[in-house]
Amino acid sequence: METTIVALATPPGAGGIAVVRLSGPESYPIAQAVFRPMNEEKRVMEAKGYTALFGHFIARGKVLDEGVALFFRAPRSYTGEDVIELSCHGGMVIAQSLIEACIDAGAVPAGPGEYTKRAFLNGRMSLTQAEAVMDLISAAGRQGAALAESALNGALARQIEGYKQQLVQLAGHLAAWVDFPEEDVPALEDDALRQTLETVLFGVSRLIEGYGAGAVLRQGVDVAIVGSPNVGKSTLLNLLAGFDRAIVTPIAGTTRDVVEQAVMLGGVRLNLFDTAGLRETGDVVEAEGIRRSRRKLEEAGLVLAVFDGSSPVTREDRELADACKGRRAIALVNKSDLDQQFDETVLEGSFARVLRISAGRGEGMAQLEQAVEQVLGVADLDTSAPCLVNQRQLAAAVSARGALQEALDALAAGFGLDAVSVCVDDALAALCQLAGEDASESVIEEVFSKFCVGK
């Protein structure tokens, strides 16, 4: 990392300020070339870390703007290198001109995630913490942000390190016993060996089990609103959105295509899809909308099945209830403000929750929020607890769990400790992979390729 990189660290476009960030061994000489302190007695090259100077930015010998330079000396910076943040007035013309001036002075444009990648390579954060940076940036809600913040603070890294230390001690003892029998190394007691394996297996399994709920909080979930025509699907969408997103009329077949809208319900982002009413039709356009509705029902992470509480059960209602069996689905018996004729017993066994609501009057939304959190498994999720944040970490954890289970199976079957030792080594390797300690260059490139430029 002999180069000094530069990039816009704030979102592009008009704003109060824009921050151009330098990182690398030549940050101070480059900053000196593009920044002139207002106090002529001050020198950029002599600026201490965690200090700021006010002055003018210079581009091609002319004053470009006035602003602030904030200095960080290695290794006490985000990347572990010399870092300088140049805060100018917002707007792409000024910011881009300042970036070009830095490039003319010797900097090179930063790639996606290069600042955080340098922080990882310089030992300023673990790979799991680095991955949490992007999760924090893209968190869909406050609970998702809390999960990412927990990972960024090292909660997952610390827990994995604890499991690794237990397995390292175990592996060391087993290796000594297997490889040096002449040294009279005492064999591990089966009970002590089993207890350690079970403890680590339980912890890793808990991480895997919590992955789905954590992913919901970080990324949100696709939700299909399905039901027969005129049961109130579009009215429900508009209620959750807070404005008239979908057209509502008493005419059956008004919604002919999937209408999308993202909303926040509690702390969870719901990507709502209002679908065409499920019924038999000879209308070619409506039939295509119904086909898309059925596909969206199959793809969705959560189904909100809407039924008309003021009407008797129909064949389409029964078919929808059958289609929701085994899925994460909530039944909403709508129009609770009218005389009720709907027999809810037909919904038994098909839905995790059945609620009576009135979308037209906005009644039952608190109960719906609670039901969504319970069905998605996020109601009691501790956002400060360690949590796996992506598929790479999940795959490594699953590999570790499999190896630990094989070790316990080998022990129970009476196999020699050499067989158990091999499984323990595999589990330890998987946990090292999770932590990023033996991550290959291709894995590192894949992780940071998902970052935005400037972070």
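In this chain, numbering begins with 1 at the start of the sequence shown. It should be emphasised that the depicted structure is a prediction, and the values quoted were computed from it without experimental measurement.
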Contact between V306 and I357 at the side-chain level, heavy atoms closer than 4.5 Å - yes or no?
no
If you compare all heavy atoms of V20 against all heavy atoms of A95, which two are closest, and at what distance to 0.1 Å?
CG2-O, 4.1 Å
In sequence, state the C-alpha distance, the side-chain angles, and the governing distance for L86 and C102, and then conclude on side chain to side chain contact (heavy atoms under 4.5 Å, CB included).
CA-CA 10 Å; L86 307 173; C102 290; 4.1 Å; yes
Backbone of S228 reached by a side-chain donor or acceptor of K233 within 3.5 Å
yes
Got T314 and D308 here, is their nearest side-chain heavy-atom distance under 4.5 Å?
no
With no hydrogens and no angle check, is any side-chain donor or acceptor of S350 less than 3.5 Å from a backbone partner on A321?
yes
If you define the side chain from C-beta out and look only at heavy atoms, does anything of E319 sit under 4.5 Å from D322?
no
Should M365 and L236 count as side-chain neighbours, where that means a heavy-atom distance under 4.5 Å?
yes
State whether the number of non-hydrogen atoms from other residues, nucleotides or ligands found under 6.0 Å of D339 atom CG is greater than 12.
no
Using a 3.5 Å distance criterion without hydrogens, assess whether the side chain of Q340 forms a donor-acceptor pair with backbone atoms of K335.
yes
Is L304 close to V226 at the side-chain level, that is, under 4.5 Å between some pair of heavy atoms?
no
Are the side chain of Y115 and the backbone of A110 linked by a donor-acceptor contact shorter than 3.5 Å?
no
Sequence neighbours left out, what passes ring-ring contact (aromatic ring centres under 6.0 Å, His included) with F72? Give chain and number order.
Y50
Determine whether a donor-acceptor pair (N or O, by modelled atom type, separation under 3.5 Å) exists between the side chain of T79 and the backbone of E81.
yes
Are any of the side-chain heavy atoms of N271 and V221 separated by less than 4.5 Å?
no
For P12, which residues count as a side chain to side chain contact (heavy atoms under 4.5 Å, CB included) partner, sequence neighbours excluded?
L8, M92
Look up atom CD1 in I225 and atom CD1 in I330, then write down how far apart they are to the nearest 0.5 Å.
11.5 Å
Within the 4.5 Å heavy-atom criterion, are L431 and L167 side-chain neighbours or not?
yes
Could I get the full list of salt bridge (Lys or Arg N to Asp or Glu O under 4.0 Å) partners for D337, not counting sequence neighbours?
R361
Step by step, work out the side chain to side chain contact (heavy atoms under 4.5 Å, CB included) result for R21 and V6.
CA-CA 6 Å; R21 179 183 290 149; V6 64; over 6 Å; no
Closest heavy-atom pair, A74 versus G80, reported as atoms and distance to 0.1 Å, is CB-O, 3.4 Å
Using salt bridge (Lys or Arg N to Asp or Glu O under 4.0 Å) as the criterion, list what pairs up with R353, not counting sequence neighbours.
none
Does a donor on one side chain and an acceptor on the other come within less than 3.5 Å for T235 and N238?
no
Under 3.5 Å donor-acceptor, N334 side chain and A359 backbone:
yes
Taking A396's backbone N and O only, do any of them form a donor-acceptor pair with Q433's side chain (distance below 3.5 Å, no angle check)?
no
Output the distance between atom CD (Q374) and atom CG (L376), rounded to the nearest 0.5 Å.
10.5 Å
Compare every heavy atom of G309 with every heavy atom of V333, then report the nearest pair and how far apart it is.
CG1-CA, 3.5 Å
Would you say S336 and S358 are linked by a side-chain donor-acceptor pair, where the criterion is simply a distance under 3.5 Å?
no
Please tell me if the side chains of L22 and I5 come closer than 4.5 Å, counting only heavy atoms from C-beta onward.
no
Of the non-hydrogen atoms in R118 and G24, which two are nearest, and what is the gap between them?
NH1-CA, 4.1 Å
Measuring from atom CG of L355 to atom CG of L332, what distance do you get when rounded to the nearest 0.5 angstrom?
6.0 Å
Under 3.5 Å, is there a donor-acceptor pair linking the side chains of Q165 and E161?
yes
Quick one: does N122's side chain have a donor or acceptor within less than 3.5 Å of a partner on R124's backbone?
no
The reported gap from CG in L207 to CG in L434 (rounded to nearest 0.5 angstrom) is 8.0 Å
Between P312 and D317, the two heavy atoms sitting closest are O-OD2, 4.1 Å
Determine whether the side chains of Y78 and S23 contain a donor N or O and an acceptor N or O closer than 3.5 Å.
no
For residues 310-345, which residue pairs qualify under ring-ring contact (aromatic ring centres under 6.0 Å, His included), counting only residues two or more places apart or in two chains?
F307-F342
If you compare all heavy atoms of V354 against all heavy atoms of E344, which two are closest, and at what distance to 0.1 Å?
CG1-OE1, 3.8 Å
Between atom OG1 of T196 and atom OH of Y163, what is the distance when rounded to the nearest 0.5 Å?
13.0 Å
Would you please name every residue forming a salt bridge (Lys or Arg N to Asp or Glu O under 4.0 Å) with E406, sequence neighbours left out?
none
To the nearest 0.5 Å, what is the distance between CD (Q166) and CG (L428)?
11.5 Å
